[in-house]
Amino acid sequence: MRSRLRRLVLGATALFTAASALPAAAATTEQRAEQHPSRDGMSAVIRYTEYGIPHILAKNYADLGFGTGWAQAADEVCTLADGFVTLRGERSRYFGADEPAGGDLSAARTNLASDLYFRGVRESGTVEKLLAERAPVGPSREVRSMMRGWAAGYNAWLKQKKVTDPACAGASWVRPVTELDVAARGLAIASISGEGRFVDTITAARPPAGGAAVSGAPSARTPGAKAVAKAADELWGDPGMGSNAVAFRGDTTAGGRGLLLGNPHYPWDGGRRFWQSQQTIPGELNVSGGSLLGTPAISIGFNAHVAWSHTVSTGIPANFHQLTLDPADPTTYLVDGRPERMTKRTVTVAVKDGTPVTRTQWWTRYGPVVTSLSPQVPLPWTGKTAYALNDPNAANLRFADTSLGFSKARGTSDVLASLDRHQGIPWVNTIAADRAGHSLYTQSQVLPRITDELAGRCSTELGRTTYPASGIAVLDGSRGDCALGSDPGAVVPGIFGPARMPTLKDAPYAENSNGTAWMTNPDRPLTGYERIFGTVGTQLGLRTRGAIEDVAAMADRGGLTVRDLQRQQFANRVPAGDLAAGDVARACAALPGGAATGSDGKSVDVSGACGVLKTWDRTMDTGSRGALLFDRFWRRLEQAVPADRLWKVPFSAADPVRTPNTVNTDAAGFSVALADTVAELRGAGIALDAPLGAHQFVVRDGQRLPVPGGAGRLGVWNVIEPTWDAAGGGYTEVPFGSSHLQAVGWDGSRCPVARTLLTYSQSSNPKSPHFADQTRLFSGEKWVASRFCEKDILSSPKLKVVRVHERR
C-alpha cells in the first residue's frame, strides 16, 4: 500500500513538474487555460500528513486555489459558510435580526447592523470595481485565478461531500460561493480595523430632523475631548488582535543563517482562525504556513529561502473629517464653500419571521458618516456639523498579492519589494528572516496619509486633542487644502508611499510585540516617522519589555538554533511577576494580623497568599503553583490602582525596557486587591497554591486539557486569554491567544528546519480527527516537525493522497 501511494504521488509530481517546465508557447497556452478552464474542470492533488496538514500540489494558480478551497471546506465548512452569510448580508434572514453578529468580520453587535453594512457594500459594487482594476491596484491574474479556483473548490466539496459538522449539517444557509464572495471576504479582513469597527454607527447615522441641532460636538476645552481621546486610544489599542515575532540575524545563530519565531495571538473560534497548508506549483511556488480562513494565499509562513510573520501594529488605519453642513440641508456639506450632497445608500434586509427592514446610510467624498467613537463617546450629527470616516483599506484588495509575493520571495529584500509594489498590508507589521542571514522589521501598512504637518495645519479643535494623544486625526473637511494628497510611489492617492515606512534591516534581532516601531531593537531605535504610525519615547507594554529582555539575551548569547526559538515560545516567563511578586509577598507578610479589607468592607485572612507568592516560580507553566493567584491579583491591582501610581520608579525614555519598576505596595488599592483575590479563589473552592493547569484548561472530546501561558497584561510571550468562570472551576475555554506558531531556520540542506503548531487544531468540526490533536500537543508544549521537502512528505507514516476535481 505504501509503495502504491508513493507511486501515485511521484507520478502526480512528475506530471505537474512537466507542466511547469513547458516552453514559452506552451506556457502561453497554460495561461489561457487558467483564464478559461478546460472542460475537465479544475483539479489538484492533496497529500495529507500528520495532524491533517494538507500539501496541495497543482499545475497552475487556478488549480492551486481549487485545492485550497476544497481542503478548507473539508476542515471548516461551517465557519466558512457562516462568514459568507455575513458577507451577503443575510444573517437576519437566517438567524434573526437582533441576535449577536459575532466578531469574525466586523464589530457589529447585531445581525441587522451587520447585514445593513455588508449588503450595502455588496450593492455599491465596490468589490467588482476593485476586481476590474489593473494590478497592482486590483488583484493580479494569479490572485484572480486563485480566488476563482478557491470558490470552485469550495463548491465542489459541497457538491461531492456530506456536511457532518453539527454546527451546520443540513442548514439551508450553506450554499455555493463565487469569486466575488472570496474577494469580498478579503476586503472585509482588510477593513476590519477601520470601517469594520464602526458598522453600528455607520448603519445607524441619521440626519437631525428638520435640520435642527441636537447637541454640540465635544470641545477640546471640555472633558468631552479627553473622553474622545481616551476612547480612540482604547479603540485602536485594543488587544483583541495581537502577536509576537522576532527575526535573528545570521551572526547570532549557530549556522550563520537567519531564524524566525512567529507567535500571532488570534481568536480560537470563528472566521479569524488560521488554517495550515503547503501550496506547491512545481517550478513556480512552494510555500508552507497559515492562511486566514476563506483566503487563498498563505498569510504567514516560510519557503526554502525566507520566513515571515505579522504582528498587529500601532498604526491608526483610519481618520475622521469634520464636515461643515449647509444650514438649509444637513445632508449637504461644504468644501471650499461649494456644496456637495451626501450619497444616500438605501439598503433593504430580509428578516427571519418578519418584514424586511430598510435603512439609509450616508456617504461623503471621505467615507461614511459616523456618529460616535464608542457608545459612550458621541460625535453628534447636528444641523451644523457631521463626521465622516476615512478608511483606505475599505478599497484595498491587495493583501493577497502582497502575501503571494512573500510566498515566492528568495530573501528579505524580496519581502520588502512585494510590500513596496503591492502596498496591501492593512493593519500589521512584517518581521522576516532568510537563509542568507538577513533580518527585517517593517511597519509597511496602508495608513491614511496624515503627516504631522497636515494634522498641525488642518486639525479641528477636537483633532488637536486626539491626534497627539492617540494618533487619531480629525481634519477640517470643509477645506480642499486639507485633502490627504499623494506620496511618490504610493499605489493609490491618500496613503503613505514606501519611503515613509518605519523599517529596520539587518539588526542582530528585530522584535515586535504590538508595541511602537521605536523599540524594535533598543540598540537601533527607529524615529522620525509620523504620529499616526505610533509613538516615540513613550512607555512600553510589559509584553514588549519582557520580549526585548529575552531576545536581547538570546542574541548576546549567540549560537542560536530553532530549538532555542521553541524554548522561548514555551518559557512562559511572567515579567510582571519578576518585577512585582517579591515585593507583593513582603508587603503581604507585613499586613497586621495577616488580614486585609476587601472592597465589600469585610476583613479577609490573606496570610496564606504570602508564602505562595514568595515561592512561586514566576512562570505560567501548567504545573506552576502561585501563577493563578498572581494572575487574578494583578488584574484586580490594575483596576484598583491608577496607572500613574502603580509603580514607585516612573518611566524614563532613557531606560524604556527597565522602567517603570518597583510596584507601589503603599497604594490604597493594594491591600483591597489582595483581599478580593483571596476571597474570590476561596469562594470558588480553589486553593491559593493550586497548579495553574488544574484551573486553566479547555475541554476537548470530554477531556480537560491544561493550557500553558498567560495574559498579555502580565507580559507573557505565550499569550492565553481564557474566560474566568469560578463556578466552572476557574478559567474555562480560550477565546483568544497563541494560534499559528512557527519556529523556522535553515541548515546546509535544501529544506528549511521548521517546527509549527496550530494551537486550536486544524478543524472546528468535533467529529473530525483533527479537532483537538494539535491542542493536545499545545497542552504538552510539543511541536510538529514540518514536512516541507518531497522526501519528508513521502516518508510521513500518516500519508494520505487525495485527487480532487470538479464534476460537470
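The shown structure was predicted, so the numbers you read here are calculated from the model rather than taken from an experiment.
- For the residue pair Y529/T516, the side-chain donor-acceptor check at 3.5 Å is satisfied.
- Taken to the nearest 0.5 Å, the SG atom of C458 stands 7.5 Å off from the CD atom of E453.
- Atoms OG1 and CD, on T311 and Q443 in that order, are 8.5 Å from each other to the nearest 0.5 Å.
- Annotation for R109: atom CZ does not count as buried by contact number, only 12 or fewer foreign heavy atoms lying within 6.0 Å.
- With a 4.5 Å cut-off on side-chain heavy atoms, V657 and P522 count as touching.
- When the side chain to side chain donor-acceptor pair (under 3.5 Å) test is applied to T371, the partners found at least two apart in sequence or on another chain are T201.
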Query raised in the report: Under the ring-ring contact (aromatic ring centres under 6.0 Å, His included) criterion, do Y760 and F778 qualify, and how do the steps go?
Result: CA-CA 8 Å; Y760 36 69; F778 182 63; 9.5 Å; no
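- Of all heavy-atom pairs spanning P708 and F570, the tightest one is CG-CE2, 4.4 Å.
- The closest side-chain heavy-atom distance from L579 to R545 is below 4.5 Å.
- The side-chain heavy atoms of S513 and E511, taken from C-beta on, include a pair separated by under 4.5 Å.
- No more than 12 heavy-atom neighbours from other residues, nucleotides or ligands sit within 6.0 angstrom of CZ on R658.
- A heavy-atom distance below 4.5 Å is not found between the side chains of R586 and T665.
- Under the side chain to side chain donor-acceptor pair (under 3.5 Å) criterion, Q569 pairs with W717, N718, sequence neighbours left out.
- In this structure, the separation between OG1 on T659 and CD on Q539 is 7.5 Å, given to the nearest 0.5 Å.
- With sequence neighbours excluded, the residues satisfying side chain to side chain donor-acceptor pair (under 3.5 Å) with H310 are T430.
- For T535, the side chain to side chain donor-acceptor pair (under 3.5 Å) criterion is met by T538, not counting sequence neighbours.
- Using a 4.5 Å heavy-atom threshold, the side chains of L681 and L688 count as touching.
- Environment of NZ in K602: sparse, with no more than 12 heavy atoms of neighbouring residues, nucleotides or ligands closer than 6.0 Å.
- Aromatic ring centroids of F697 and Y731 lie 6.0 Å or more apart.
- Pairs engaging residues 595-697 under the disulfide bond (SG atoms under 2.5 Å apart) rule: C588-C610 [sequence neighbours left out].
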Report task. Show your working on side chain to side chain donor-acceptor pair (under 3.5 Å) between D631 and Q696 and close with a plain yes or no. Result -> CA-CA 11 Å; D631 169 73; Q696 182 170 282; over 6 Å; no
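- The aromatic rings of H265 and F736 sit perpendicular to each other, their planes meeting at more than 60°, with 30° as the lower class boundary.
- Taking 4.5 Å as the limit, some side-chain heavy atom of L504 sits within range of a side-chain heavy atom of N521.
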Report task. Report the C-alpha distance between D617 and T619 in whole Å, list the side-chain angles of each, state the deciding distance to 0.1 Å, and finish with yes or no for side chain to side chain donor-acceptor pair (under 3.5 Å). Result -> CA-CA 6 Å; D617 64 4; T619 77; 3.0 Å; yes
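- Ring to ring, F320 and F198 are close: their centroids are under 6.0 angstrom apart.
- Atom OG1 of T759 is separated from atom CG of N263 by 9.0 Å, given to the nearest 0.5 angstrom.
- Applying side chain to side chain contact (heavy atoms under 4.5 Å, CB included) to F633 and the options L674, V606, L628 leaves one that passes, L674.
- Take R632 and apply the salt bridge (charged side-chain N to carboxylate O under 4.0 Å, His left out) test, not counting sequence neighbours, and it matches E680.
- F670 and L637 make their closest contact through CA-CD1, 3.9 Å (heavy atoms, listed as atom of the first residue, atom of the second, distance).
- Taking 4.0 Å as the cut-off between side-chain N and carboxylate O, R573 and E549 count as a salt-bridged pair.
- Looking at H321 and V474, their side chains never come closer than 4.5 Å, going by heavy atoms from C-beta outward.
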